[in-house]
**Q** 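Below is one structure. I have some questions about it.
The figures here come from the full heavy-atom set of this structure, side chains too, leaving out hydrogens, waters and symmetry mates. Chain naming here is simple, since letters A, B, ... match the order of the sequence lines and numbering starts at 1 in each. These numbers come from a predicted model, not from an experiment.
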2 protein chains.
Amino acid sequence: MPSPRSVHPQDDLTPRQREILDFIRNRLTVGGAPPTRLEICAAFGFASPNAAEDHLRALAKKGAILMTAGAARGIRLPAPPGLPVIGAVAAGSPLLAVENQRGTLPIAPELFSPRADYLLQVRGNSMSGVGILDGDLLAVHRTVEARSGQIVVARLEDEVTVKRLQRRGSRVELMAENPEYAPIVVNGPLVIEGLVVGLIRGGRPL
Amino acid sequence: MPSPRSVHPQDDLTPRQREILDFIRNRLTVGGAPPTRLEICAAFGFASPNAAEDHLRALAKKGAILMTAGAARGIRLPAPPGLPVIGAVAAGSPLLAVENQRGTLPIAPELFSPRADYLLQVRGNSMSGVGILDGDLLAVHRTVEARSGQIVVARLEDEVTVKRLQRRGSRVELMAENPEYAPIVVNGPLVIEGLVVGLIRGGRPL
DNA sequence: TGGGAAGCTGGAAGAAAATACAGTCACCCA
DNA sequence: TGGGTGACTGTATTTTCTTCCAGCTTCCCA
(Lines give C-alpha, C1' and ligand atoms only; values in the text may rest on other atoms or scores of the structure.)
Protein backbone atom coordinates (compact mmCIF):
# COMPACT_ATOMS: atom_id res chain seq x y z
CA MET A 1 0.00 0.00 0.00
CA PRO A 2 1.37 3.38 -0.94
CA SER A 3 2.08 5.78 1.87
CA PRO A 4 -1.24 7.39 2.84
CA ARG A 5 -0.37 10.93 1.82
CA SER A 6 -2.23 13.55 3.85
CA VAL A 7 -5.35 15.13 2.37
CA HIS A 8 -3.66 18.47 3.02
CA PRO A 9 -0.18 18.08 1.54
CA GLN A 10 0.84 21.40 3.04
CA ASP A 11 0.47 19.91 6.53
CA ASP A 12 3.80 18.07 6.58
CA LEU A 13 5.88 20.88 5.13
CA THR A 14 8.67 22.62 6.98
CA PRO A 15 8.05 26.29 7.85
CA ARG A 16 10.46 27.36 5.15
CA GLN A 17 8.80 25.15 2.57
CA ARG A 18 5.45 26.57 3.55
CA GLU A 19 6.84 30.06 2.94
CA ILE A 20 7.97 29.04 -0.52
CA LEU A 21 4.59 27.45 -1.26
CA ASP A 22 2.75 30.56 -0.07
CA PHE A 23 4.95 32.65 -2.34
CA ILE A 24 4.14 30.44 -5.32
CA ARG A 25 0.43 30.60 -4.49
CA ASN A 26 0.61 34.36 -4.22
CA ARG A 27 2.34 34.69 -7.56
CA LEU A 28 -0.24 32.44 -9.18
CA THR A 29 -3.19 34.45 -7.90
CA VAL A 30 -1.70 37.94 -8.03
CA GLY A 31 0.61 37.71 -11.02
CA GLY A 32 -1.18 35.06 -13.00
CA ALA A 33 1.90 32.92 -13.57
CA PRO A 34 4.13 30.80 -11.34
CA PRO A 35 7.60 32.18 -10.48
CA THR A 36 10.91 31.06 -11.93
CA ARG A 37 13.80 29.79 -9.79
CA LEU A 38 15.51 33.14 -10.04
CA GLU A 39 12.37 34.99 -8.98
CA ILE A 40 12.14 32.79 -5.91
CA CYS A 41 15.79 33.60 -5.19
CA ALA A 42 15.12 37.31 -5.51
CA ALA A 43 12.10 37.11 -3.23
CA PHE A 44 13.90 35.17 -0.48
CA GLY A 45 17.39 36.54 -0.92
CA PHE A 46 18.97 33.32 -2.17
CA ALA A 47 22.27 33.65 -3.96
CA SER A 48 21.91 30.42 -5.91
CA PRO A 49 19.11 29.20 -8.14
CA ASN A 50 19.73 25.78 -6.72
CA ALA A 51 18.36 26.87 -3.35
CA ALA A 52 15.03 27.40 -5.08
CA GLU A 53 15.47 24.19 -7.06
CA ASP A 54 15.96 22.18 -3.86
CA HIS A 55 12.83 23.64 -2.31
CA LEU A 56 10.77 22.95 -5.40
CA ARG A 57 12.02 19.36 -5.49
CA ALA A 58 11.06 18.94 -1.84
CA LEU A 59 7.63 20.47 -2.40
CA ALA A 60 7.05 18.26 -5.43
CA LYS A 61 8.11 15.14 -3.53
CA LYS A 62 5.63 15.97 -0.80
CA GLY A 63 2.88 16.53 -3.33
CA ALA A 64 2.44 20.21 -2.57
CA ILE A 65 3.23 21.25 -6.14
CA LEU A 66 3.53 19.62 -9.56
CA MET A 67 6.37 20.37 -11.92
CA THR A 68 6.47 20.13 -15.68
CA ALA A 69 10.01 19.07 -16.57
CA GLY A 70 11.81 21.40 -18.93
CA ALA A 71 9.11 24.02 -19.10
CA ALA A 72 9.74 27.60 -18.09
CA ARG A 73 7.57 28.40 -15.08
CA GLY A 74 6.49 24.80 -15.01
CA ILE A 75 5.15 24.92 -11.47
CA ARG A 76 1.53 23.95 -11.01
CA LEU A 77 -0.69 23.37 -8.01
CA PRO A 78 -1.98 19.81 -7.69
CA ALA A 79 -5.51 20.61 -6.59
CA PRO A 80 -7.46 22.85 -8.92
CA PRO A 81 -7.61 26.13 -6.99
CA GLY A 82 -10.90 26.08 -5.18
CA LEU A 83 -12.80 24.60 -2.33
CA PRO A 84 -14.17 21.06 -2.16
CA VAL A 85 -17.91 20.81 -1.71
CA ILE A 86 -18.91 18.28 0.90
CA GLY A 87 -22.29 16.58 0.69
CA ALA A 88 -25.29 17.72 2.66
CA VAL A 89 -25.17 17.77 6.42
CA ALA A 90 -28.12 17.52 8.75
CA ALA A 91 -28.93 20.96 10.05
CA GLY A 92 -32.46 19.97 11.03
CA SER A 93 -32.70 17.27 13.64
CA PRO A 94 -29.32 15.72 12.99
CA LEU A 95 -29.38 13.18 10.20
CA LEU A 96 -26.65 11.02 8.80
CA ALA A 97 -23.93 13.08 7.18
CA VAL A 98 -21.72 11.82 4.39
CA GLU A 99 -18.20 13.18 4.12
CA ASN A 100 -18.38 12.76 0.42
CA GLN A 101 -16.84 15.31 -1.85
CA ARG A 102 -19.28 16.37 -4.55
CA GLY A 103 -16.98 18.58 -6.50
CA THR A 104 -15.05 21.79 -6.33
CA LEU A 105 -16.01 25.42 -6.63
CA PRO A 106 -13.53 28.02 -7.89
CA ILE A 107 -13.50 30.13 -4.74
CA ALA A 108 -10.34 31.34 -3.02
CA PRO A 109 -10.02 30.00 0.55
CA GLU A 110 -8.61 33.39 1.54
CA LEU A 111 -11.94 35.00 0.71
CA PHE A 112 -12.85 34.07 4.27
CA SER A 113 -11.11 34.72 7.52
CA PRO A 114 -9.89 32.48 8.95
CA ARG A 115 -9.25 30.64 5.70
CA ALA A 116 -11.97 28.25 4.56
CA ASP A 117 -10.99 24.61 4.05
CA TYR A 118 -14.17 23.29 2.48
CA LEU A 119 -17.80 24.06 1.69
CA LEU A 120 -20.56 22.15 3.41
CA GLN A 121 -24.06 22.03 2.01
CA VAL A 122 -26.76 22.65 4.60
CA ARG A 123 -29.87 20.51 4.85
CA GLY A 124 -32.76 21.79 6.92
CA ASN A 125 -33.72 25.10 8.42
CA SER A 126 -32.62 24.78 12.02
CA MET A 127 -30.29 27.79 11.60
CA SER A 128 -32.64 30.02 9.65
CA GLY A 129 -32.55 32.63 12.42
CA VAL A 130 -29.02 33.61 11.40
CA GLY A 131 -29.71 33.47 7.71
CA ILE A 132 -28.50 29.94 7.08
CA LEU A 133 -31.07 28.28 4.86
CA ASP A 134 -31.63 24.86 3.35
CA GLY A 135 -29.23 24.28 0.46
CA ASP A 136 -26.76 27.01 1.42
CA LEU A 137 -23.07 26.28 1.21
CA LEU A 138 -21.19 27.01 4.41
CA ALA A 139 -17.51 27.91 4.27
CA VAL A 140 -15.87 25.90 7.04
CA HIS A 141 -12.48 26.43 8.66
CA ARG A 142 -11.11 23.13 9.88
CA THR A 143 -10.31 23.38 13.59
CA VAL A 144 -11.12 21.67 16.87
CA GLU A 145 -11.00 24.91 18.83
CA ALA A 146 -14.23 26.85 19.18
CA ARG A 147 -15.41 29.43 21.67
CA SER A 148 -18.84 29.53 23.20
CA GLY A 149 -21.27 31.38 20.94
CA GLN A 150 -19.60 30.46 17.69
CA ILE A 151 -21.37 28.53 14.95
CA VAL A 152 -19.65 25.22 14.47
CA VAL A 153 -19.78 22.05 12.46
CA ALA A 154 -19.98 19.34 15.12
CA ARG A 155 -20.05 15.58 15.06
CA LEU A 156 -22.12 13.60 17.56
CA GLU A 157 -21.58 9.90 17.07
CA ASP A 158 -21.90 9.51 13.32
CA GLU A 159 -24.08 12.53 12.81
CA VAL A 160 -22.81 15.89 11.64
CA THR A 161 -24.72 19.05 12.45
CA VAL A 162 -24.34 22.81 12.26
CA LYS A 163 -25.25 24.62 15.46
CA ARG A 164 -24.24 27.42 17.75
CA LEU A 165 -21.91 26.14 20.47
CA GLN A 166 -22.90 27.06 24.02
CA ARG A 167 -20.78 26.22 27.04
CA ARG A 168 -22.41 26.69 30.45
CA GLY A 169 -19.82 25.64 32.95
CA SER A 170 -19.19 22.00 32.27
CA ARG A 171 -22.36 21.59 30.25
CA VAL A 172 -22.09 21.83 26.46
CA GLU A 173 -25.13 22.61 24.36
CA LEU A 174 -25.72 22.85 20.62
CA MET A 175 -28.28 25.57 19.99
CA ALA A 176 -30.40 25.83 16.88
CA GLU A 177 -31.36 29.26 15.60
CA ASN A 178 -35.00 28.43 15.06
CA PRO A 179 -37.65 28.27 17.79
CA GLU A 180 -38.97 25.02 16.35
CA TYR A 181 -35.77 23.20 17.29
CA ALA A 182 -34.83 22.40 20.88
CA PRO A 183 -31.24 22.74 22.12
CA ILE A 184 -29.21 19.55 22.11
CA VAL A 185 -27.52 18.83 25.44
CA VAL A 186 -24.29 17.01 24.79
CA ASN A 187 -23.45 14.07 27.00
CA GLY A 188 -21.85 11.71 24.52
CA PRO A 189 -18.62 12.38 22.65
CA LEU A 190 -18.59 15.69 20.79
CA VAL A 191 -16.09 16.43 18.05
CA ILE A 192 -15.75 19.93 16.67
CA GLU A 193 -15.17 19.49 12.95
CA GLY A 194 -14.78 23.15 12.13
CA LEU A 195 -15.83 26.74 12.42
CA VAL A 196 -18.37 28.29 10.07
CA VAL A 197 -16.62 31.29 8.53
CA GLY A 198 -18.84 32.15 5.60
CA LEU A 199 -21.82 31.36 3.48
CA ILE A 200 -22.52 31.09 -0.23
CA ARG A 201 -25.93 30.88 -1.80
CA GLY A 202 -26.34 30.71 -5.52
CA GLY A 203 -26.86 28.72 -8.66
CA ARG A 204 -30.33 30.11 -9.21
CA PRO A 205 -32.19 33.41 -8.82
CA LEU A 206 -33.29 33.93 -5.24
CA MET B 1 -8.33 62.83 -25.52
CA PRO B 2 -7.16 59.26 -26.06
CA SER B 3 -9.56 56.96 -27.83
CA PRO B 4 -12.17 55.88 -25.29
CA ARG B 5 -11.16 52.24 -25.12
CA SER B 6 -14.12 49.94 -24.48
CA VAL B 7 -14.76 48.73 -20.93
CA HIS B 8 -14.75 45.22 -22.37
CA PRO B 9 -11.56 45.08 -24.43
CA GLN B 10 -12.53 41.71 -25.88
CA ASP B 11 -15.40 43.36 -27.73
CA ASP B 12 -13.35 44.76 -30.60
CA LEU B 13 -11.26 41.66 -31.26
CA THR B 14 -11.29 39.69 -34.47
CA PRO B 15 -12.71 36.16 -34.23
CA ARG B 16 -9.24 34.70 -34.53
CA GLN B 17 -7.90 36.98 -31.82
CA ARG B 18 -10.79 35.98 -29.60
CA GLU B 19 -9.84 32.35 -30.13
CA ILE B 20 -6.29 33.09 -29.08
CA LEU B 21 -7.50 35.01 -26.03
CA ASP B 22 -9.83 32.18 -25.04
CA PHE B 23 -6.94 29.76 -25.34
CA ILE B 24 -4.80 31.93 -23.07
CA ARG B 25 -7.64 32.23 -20.57
CA ASN B 26 -8.12 28.48 -20.62
CA ARG B 27 -4.45 27.82 -20.02
CA LEU B 28 -4.44 30.27 -17.14
CA THR B 29 -7.38 28.66 -15.37
CA VAL B 30 -6.75 25.01 -16.28
CA GLY B 31 -2.99 24.85 -16.43
CA GLY B 32 -2.18 27.61 -13.98
CA ALA B 33 0.30 29.38 -16.24
CA PRO B 34 0.00 31.33 -19.49
CA PRO B 35 1.20 29.60 -22.71
CA THR B 36 4.42 30.29 -24.59
CA ARG B 37 4.51 31.31 -28.26
CA LEU B 38 5.37 27.79 -29.26
CA GLU B 39 2.51 26.34 -27.24
CA ILE B 40 0.11 28.67 -29.02
CA CYS B 41 1.59 27.49 -32.32
CA ALA B 42 1.08 23.88 -31.36
CA ALA B 43 -2.51 24.52 -30.29
CA PHE B 44 -3.47 26.33 -33.49
CA GLY B 45 -1.20 24.57 -35.93
CA PHE B 46 1.05 27.54 -36.67
CA ALA B 47 4.40 26.75 -38.19
CA SER B 48 6.11 29.92 -36.96
CA PRO B 49 6.32 31.37 -33.47
CA ASN B 50 5.88 34.75 -35.09
CA ALA B 51 2.26 33.95 -35.91
CA ALA B 52 1.66 33.74 -32.17
CA GLU B 53 3.81 36.80 -31.57
CA ASP B 54 1.74 38.85 -34.00
CA HIS B 55 -1.49 37.83 -32.29
CA LEU B 56 -0.11 38.62 -28.86
CA ARG B 57 1.03 42.03 -30.05
CA ALA B 58 -2.42 42.72 -31.47
CA LEU B 59 -4.12 41.57 -28.27
CA ALA B 60 -1.80 43.70 -26.16
CA LYS B 61 -2.39 46.75 -28.37
CA LYS B 62 -6.12 46.32 -27.91
CA GLY B 63 -5.72 45.98 -24.16
CA ALA B 64 -6.99 42.41 -24.01
CA ILE B 65 -3.76 41.14 -22.46
CA LEU B 66 -0.66 42.58 -20.79
CA MET B 67 2.83 41.41 -21.65
CA THR B 68 5.96 41.47 -19.54
CA ALA B 69 8.85 42.03 -21.93
CA GLY B 70 11.57 39.44 -21.84
CA ALA B 71 9.88 37.14 -19.38
CA ALA B 72 9.03 33.57 -20.26
CA ARG B 73 5.26 33.16 -20.23
CA GLY B 74 4.94 36.87 -19.60
CA ILE B 75 1.29 37.06 -20.61
CA ARG B 76 -1.11 38.44 -18.02
CA LEU B 77 -4.77 39.39 -18.05
CA PRO B 78 -5.44 43.10 -17.45
CA ALA B 79 -8.44 42.84 -15.16
CA PRO B 80 -7.95 40.63 -12.14
CA PRO B 81 -10.63 38.01 -12.68
CA GLY B 82 -13.32 38.71 -10.15
CA LEU B 83 -16.40 40.68 -9.30
CA PRO B 84 -16.50 44.36 -8.32
CA VAL B 85 -17.88 45.08 -4.88
CA ILE B 86 -20.37 47.96 -4.84
CA GLY B 87 -20.85 50.00 -1.69
CA ALA B 88 -23.66 49.43 0.74
CA VAL B 89 -27.25 49.71 -0.40
CA ALA B 90 -30.24 50.52 1.76
CA ALA B 91 -32.11 47.33 2.55
CA GLY B 92 -33.85 48.86 5.57
CA SER B 93 -36.15 51.74 4.83
CA PRO B 94 -34.42 52.85 1.67
CA LEU B 95 -31.44 55.13 2.26
CA LEU B 96 -29.11 56.82 -0.17
CA ALA B 97 -27.13 54.30 -2.18
CA VAL B 98 -23.71 55.04 -3.62
CA GLU B 99 -22.67 53.28 -6.79
CA ASN B 100 -19.12 53.32 -5.63
CA GLN B 101 -16.84 50.41 -6.29
CA ARG B 102 -15.01 49.36 -3.15
CA GLY B 103 -12.79 46.74 -4.64
CA THR B 104 -12.83 43.35 -6.26
CA LEU B 105 -13.25 39.84 -4.94
CA PRO B 106 -11.73 36.85 -6.73
CA ILE B 107 -14.99 35.07 -7.47
CA ALA B 108 -15.96 33.65 -10.83
CA PRO B 109 -19.12 35.27 -12.23
CA GLU B 110 -20.14 31.84 -13.52
CA LEU B 111 -20.43 30.59 -9.97
CA PHE B 112 -23.95 31.95 -10.14
CA SER B 113 -26.70 31.40 -12.65
CA PRO B 114 -27.47 33.60 -14.41
CA ARG B 115 -23.97 35.02 -14.30
CA ALA B 116 -23.26 37.63 -11.61
CA ASP B 117 -22.09 41.07 -12.74
CA TYR B 118 -21.26 42.61 -9.38
CA LEU B 119 -21.53 42.20 -5.64
CA LEU B 120 -23.68 44.57 -3.63
CA GLN B 121 -23.26 44.97 0.11
CA VAL B 122 -26.53 44.92 2.03
CA ARG B 123 -27.33 47.41 4.75
CA GLY B 124 -30.23 46.68 7.09
CA ASN B 125 -32.34 43.65 7.85
CA SER B 126 -35.45 44.17 5.77
CA MET B 127 -34.80 40.89 3.92
CA SER B 128 -33.81 38.78 6.91
CA GLY B 129 -36.76 36.45 6.30
CA VAL B 130 -34.99 34.96 3.30
CA GLY B 131 -31.61 34.84 4.96
CA ILE B 132 -30.24 38.14 3.65
CA LEU B 133 -28.60 39.88 6.58
CA ASP B 134 -26.88 43.19 7.22
CA GLY B 135 -23.41 43.21 5.67
CA ASP B 136 -24.02 40.31 3.28
CA LEU B 137 -22.74 40.57 -0.27
CA LEU B 138 -25.40 39.93 -2.88
CA ALA B 139 -24.42 38.60 -6.26
CA VAL B 140 -26.40 40.65 -8.78
CA HIS B 141 -27.12 39.87 -12.41
CA ARG B 142 -27.56 43.07 -14.33
CA THR B 143 -30.92 43.09 -16.11
CA VAL B 144 -34.08 45.17 -16.36
CA GLU B 145 -36.29 42.13 -16.75
CA ALA B 146 -37.72 40.61 -13.60
CA ARG B 147 -40.70 38.42 -12.93
CA SER B 148 -43.09 38.85 -10.06
CA GLY B 149 -41.80 37.10 -6.95
CA GLN B 150 -38.11 37.53 -7.73
CA ILE B 151 -35.74 39.40 -5.47
CA VAL B 152 -34.43 42.43 -7.27
CA VAL B 153 -32.16 45.41 -6.87
CA ALA B 154 -34.41 48.35 -7.64
CA ARG B 155 -33.94 52.09 -7.87
CA LEU B 156 -36.63 54.50 -6.74
CA GLU B 157 -35.59 58.08 -7.45
CA ASP B 158 -32.03 58.14 -6.15
CA GLU B 159 -32.48 55.35 -3.66
CA VAL B 160 -31.44 51.77 -4.28
CA THR B 161 -33.07 48.94 -2.39
CA VAL B 162 -33.24 45.16 -2.38
CA LYS B 163 -36.78 43.78 -2.22
CA ARG B 164 -39.05 41.10 -3.59
CA LEU B 165 -40.88 42.33 -6.68
CA GLN B 166 -44.64 41.86 -6.61
CA ARG B 167 -46.87 42.72 -9.55
CA ARG B 168 -50.63 42.74 -8.89
CA GLY B 169 -52.22 43.67 -12.18
CA SER B 170 -50.99 47.16 -12.90
CA ARG B 171 -49.84 47.76 -9.34
CA VAL B 172 -46.18 47.15 -8.54
CA GLU B 173 -45.04 46.53 -4.96
CA LEU B 174 -41.64 46.03 -3.37
CA MET B 175 -42.06 43.58 -0.51
CA ALA B 176 -39.66 43.30 2.41
CA GLU B 177 -39.10 39.90 3.97
CA ASN B 178 -39.43 41.11 7.54
CA PRO B 179 -42.74 41.79 9.33
CA GLU B 180 -41.33 45.06 10.71
CA TYR B 181 -41.18 46.57 7.23
CA ALA B 182 -44.27 47.55 5.26
CA PRO B 183 -44.54 46.90 1.51
CA ILE B 184 -43.63 49.83 -0.72
CA VAL B 185 -46.27 50.63 -3.32
CA VAL B 186 -44.56 52.02 -6.38
CA ASN B 187 -46.12 55.01 -8.04
CA GLY B 188 -43.03 56.98 -9.09
CA PRO B 189 -40.46 55.77 -11.61
CA LEU B 190 -39.07 52.31 -10.83
CA VAL B 191 -35.88 51.04 -12.40
CA ILE B 192 -34.88 47.42 -12.05
CA GLU B 193 -31.10 47.43 -11.62
CA GLY B 194 -30.65 43.70 -11.45
CA LEU B 195 -31.64 40.30 -10.22
CA VAL B 196 -30.26 38.84 -7.00
CA VAL B 197 -28.68 35.53 -7.99
CA GLY B 198 -26.57 34.68 -4.97
CA LEU B 199 -25.21 35.61 -1.61
CA ILE B 200 -21.82 35.61 0.04
CA ARG B 201 -21.21 36.08 3.73
CA GLY B 202 -17.72 35.99 5.14
CA GLY B 203 -14.62 37.73 6.32
CA ARG B 204 -15.17 36.73 9.94
CA PRO B 205 -16.44 33.73 11.93
CA LEU B 206 -20.23 33.67 12.03
C1' DT C 1 -6.35 49.50 -58.11
C1' DG C 2 -3.78 49.99 -54.66
C1' DG C 3 -2.78 50.04 -49.99
C1' DG C 4 -3.41 48.82 -45.35
C1' DA C 5 -4.60 45.11 -41.96
C1' DA C 6 -5.08 40.38 -40.61
C1' DG C 7 -2.95 36.20 -40.63
C1' DC C 8 0.39 33.64 -41.60
C1' DT C 9 5.79 31.04 -43.17
C1' DG C 10 10.76 30.52 -42.29
C1' DG C 11 14.86 31.45 -39.96
C1' DA C 12 17.84 32.97 -36.44
C1' DA C 13 20.01 35.61 -32.34
C1' DG C 14 20.19 36.15 -27.72
C1' DA C 15 18.09 36.37 -23.27
C1' DA C 16 15.70 33.70 -19.76
C1' DA C 17 14.96 29.58 -17.39
C1' DA C 18 15.63 24.79 -15.95
C1' DT C 19 18.70 21.76 -14.10
C1' DA C 20 22.92 19.10 -13.02
C1' DC C 21 27.18 18.76 -10.09
C1' DA C 22 30.05 19.72 -6.19
C1' DG C 23 30.26 21.53 -1.96
C1' DT C 24 29.19 23.93 3.13
C1' DC C 25 26.81 24.42 7.59
C1' DA C 26 23.53 23.37 11.22
C1' DC C 27 20.45 20.32 13.44
C1' DC C 28 18.21 16.23 15.04
C1' DC C 29 18.37 11.53 16.17
C1' DA C 30 19.83 6.74 17.07
C1' DT D 1 29.72 10.05 16.85
C1' DG D 2 28.21 9.23 13.13
C1' DG D 3 24.48 9.82 9.44
C1' DG D 4 20.53 11.69 7.38
C1' DT D 5 17.97 15.93 6.32
C1' DG D 6 17.07 20.79 5.55
C1' DA D 7 18.83 24.86 3.84
C1' DC D 8 21.70 26.84 1.45
C1' DT D 9 26.43 28.78 -2.02
C1' DG D 10 28.74 28.67 -6.55
C1' DT D 11 29.41 27.27 -11.18
C1' DA D 12 28.16 25.41 -15.50
C1' DT D 13 25.39 23.48 -19.28
C1' DT D 14 21.53 22.90 -21.95
C1' DT D 15 17.01 23.87 -23.21
C1' DT D 16 13.20 26.92 -23.67
C1' DC D 17 11.42 31.32 -24.89
C1' DT D 18 11.18 35.77 -26.52
C1' DT D 19 11.93 38.65 -30.10
C1' DC D 20 13.56 40.39 -34.40
C1' DC D 21 14.03 40.18 -39.51
C1' DA D 22 12.21 39.47 -44.17
C1' DG D 23 8.74 37.86 -46.75
C1' DC D 24 3.81 35.97 -48.58
C1' DT D 25 -1.38 35.73 -49.24
C1' DT D 26 -6.06 37.24 -48.74
C1' DC D 27 -9.53 40.37 -47.86
C1' DC D 28 -11.63 44.76 -47.31
C1' DC D 29 -12.22 49.42 -48.48
C1' DA D 30 -11.42 54.14 -50.15
Side-chain angles (χ1 to χ4, degrees), chain A residues 3 5-6 9-24 26-28 31-78, chain B residues 3 5-6 9-24 26-28 31-78:
Chain A
S3 80
R5 177 64 65 198
S6 165
Q10 62 267 35
D11 286 348
D12 40 307
L13 300 181
T14 69
R16 196 58 161 160
Q17 286 167 357
R18 202 180 310 263
E19 279 185 76
I20 307 276
L21 180 58
D22 285 346
F23 174 72
I24 294 169
N26 178 270
R27 282 304 185 91
L28 277 166
T36 66
R37 274 69 167 168
L38 281 179
E39 285 172 357
I40 295 173
C41 289
F44 288 88
F46 300 157
S48 168
N50 194 47
E53 180 74 19
D54 283 353
H55 279 299
L56 293 179
R57 273 201 189 340
L59 286 170
K61 199 163 68 178
K62 290 181 178 178
I65 61 171
L66 294 174
M67 290 211 285
T68 308
R73 300 179 196 270
I75 305 171
R76 288 166 298 134
L77 294 183
Chain B
S3 78
R5 177 64 64 200
S6 166
Q10 59 270 34
D11 286 350
D12 40 306
L13 299 182
T14 69
R16 195 61 164 158
Q17 286 168 357
R18 201 181 310 264
E19 279 186 77
I20 306 277
L21 180 58
D22 285 345
F23 174 71
I24 294 169
N26 178 269
R27 282 304 185 90
L28 278 166
T36 67
R37 274 67 166 167
L38 281 179
E39 285 172 357
I40 295 174
C41 290
F44 289 87
F46 300 157
S48 169
N50 194 48
E53 180 75 19
D54 283 353
H55 279 299
L56 293 179
R57 274 196 184 349
L59 287 170
K61 200 164 67 180
K62 291 181 178 178
I65 61 171
L66 294 173
M67 290 212 284
T68 309
R73 300 180 195 269
I75 306 171
R76 287 166 298 134
L77 293 183

**Q** How would you label the contact of A:A69 with the nucleic acid (heavy atoms, under 4.0 Å): base, sugar-phosphate, or nothing?
**A**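 Here A:A69 touches the backbone only, sparing every base.
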**Q** Taking only the side-chain nitrogens and oxygens of B:R16, find out if one of them lies under 4.0 Å from OP1 or OP2 of C:dG7.
**A**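 Answer is no, no contact under 4.0 Å.
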**Q** Rounding to a whole Å, what distance do you find between B:R37:CZ and D:dT15:P?
**A**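 Rounded to whole Å, this separation is 22 Å.
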**Q** Round to the nearest Å and state the distance from A:L38 atom CG to C:dA15 atom P.
**A**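 After rounding, the gap between these two atoms is 15 Å.
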**Q** Could you check whether any side-chain heavy atom of A:L77 comes within less than 4.5 Å of a side-chain heavy atom of A:I65, counting everything from C-beta outward?
**A**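 A side-chain contact exists here, since the closest heavy-atom pair is under 4.5 Å.
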**Q** Classify the nucleic acid contact of A:S48 as base, sugar-phosphate or nothing, counting any heavy atom under 4.0 Å across all strands shown.
**A**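 It contacts base atoms.
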**Q** Looking only at atom types and distance, does a side-chain atom of A:R73 sit under 3.5 Å from a main-chain N or O of A:P34, one as donor and one as acceptor?
**A**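 Between the backbone of A:P34 and the side chain of A:R73 there is a qualifying donor-acceptor contact (under 3.5 Å).
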**Q** Can you see if the side chain of B:T14 gets near the phosphate of C:dG7 - specifically, an N or O under 4.0 Å from OP1 or OP2?
**A**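 Affirmative; the distance criterion is met.
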**Q** When you measure from the side chain of A:A51, which nucleotide among D:dC8, C:dA17, C:dC8 comes out closest?
**A**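 It is D:dC8.
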**Q** In whole angstrom, give the distance that lies between atom CD1 of A:I40 and atom P of D:dA7.
**A**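 Spelled out: CD1 on A:I40 to P on D:dA7 is 14 Å.
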**Q** If I take atom NZ in residue B:K62 and atom C1' in nucleotide C:dG7, what distance separates them, rounded to the nearest angstrom?
**A**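 Interatomic distance, NZ of B:K62 to C1' of C:dG7: 12 Å.
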**Q** Keeping the roles fixed (side chain from B:T68, backbone from B:A71), state whether a donor-acceptor pair exists under 3.5 Å.
**A**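 No, B:T68 side chain to B:A71 backbone: no donor-acceptor pair under 3.5 Å.
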**Q** Kindly say if A:H55 contacts the phosphate of D:dC8, meaning a side-chain N or O under 4.0 Å from OP1 or OP2.
**A**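 Yes.
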**Q** Taking CZ from A:R18 and C1' from D:dA7, how many angstroms apart are they, rounded to a whole number?
**A**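 Going from CZ in A:R18 over to C1' in D:dA7 covers 16 Å.
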**Q** Separation of B:K61 atom NZ from C:dG7 atom P, in whole Å?
**A**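 Roughly 12 Å, once rounded to whole Å.
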**Q** Could you check which of D:dC8, C:dT9, D:dA7 has an atom nearest any side-chain atom of A:Q17?
**A**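 Of D:dC8, C:dT9, D:dA7, D:dA7 is nearest to the side chain of A:Q17.
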**Q** For B:A47 and B:A58, take the nucleotide of DNA chain C holding the closest heavy atom to each; which residue's nucleotide lies nearer the 5' end?
**A**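 The residue mapped nearer the 5' terminus is B:A58.
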**Q** Between D:dT18 atom P and B:R76 atom CZ, what is the distance in whole Å?
**A**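 Value for this atom pair: 13 Å.
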**Q** Indicate yes or no for a side-chain donor-acceptor contact from B:Q17 to the backbone of B:T14 under 3.5 Å, with no hydrogens or angles considered.
**A**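 Looks like yes, one N/O pair under 3.5 Å.
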**Q** Can you work out whether B:R73 or B:D54 has the more 5'-proximal nearest nucleotide on DNA chain D?
**A**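 Here B:R73 is the residue nearer the 5' end.
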**Q** Between C:dA17, D:dA12, C:dA12, spot the one nearest the side chain of B:P49, thanks.
**A**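 In terms of side-chain proximity for B:P49, the closest of C:dA17, D:dA12, C:dA12 is C:dA12.
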**Q** Which atom names give the shortest non-hydrogen contact between B:F44 and B:R16, and what distance separates them?
**A**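 Reported closest heavy-atom pair: CD2-NH1, 3.6 Å.
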**Q** Write down the distance between CG (A:N50) and P (C:dG23), rounded to a whole number of angstrom.
**A**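 My rounded result for the distance is 14 Å.
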**Q** Report the nucleotide, chosen from C:dC8, D:dC17, D:dT9, that has the shortest atom-to-atom distance to any side-chain atom of A:A72.
**A**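 Output: D:dC17.
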**Q** State whether B:R57 places a side-chain N or O below 4.0 Å from either non-bridging phosphate oxygen (OP1 or OP2) of C:dG7.
**A**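 For C:dG7, OP1/OP2 do not have a side-chain N/O of B:R57 under 4.0 Å.
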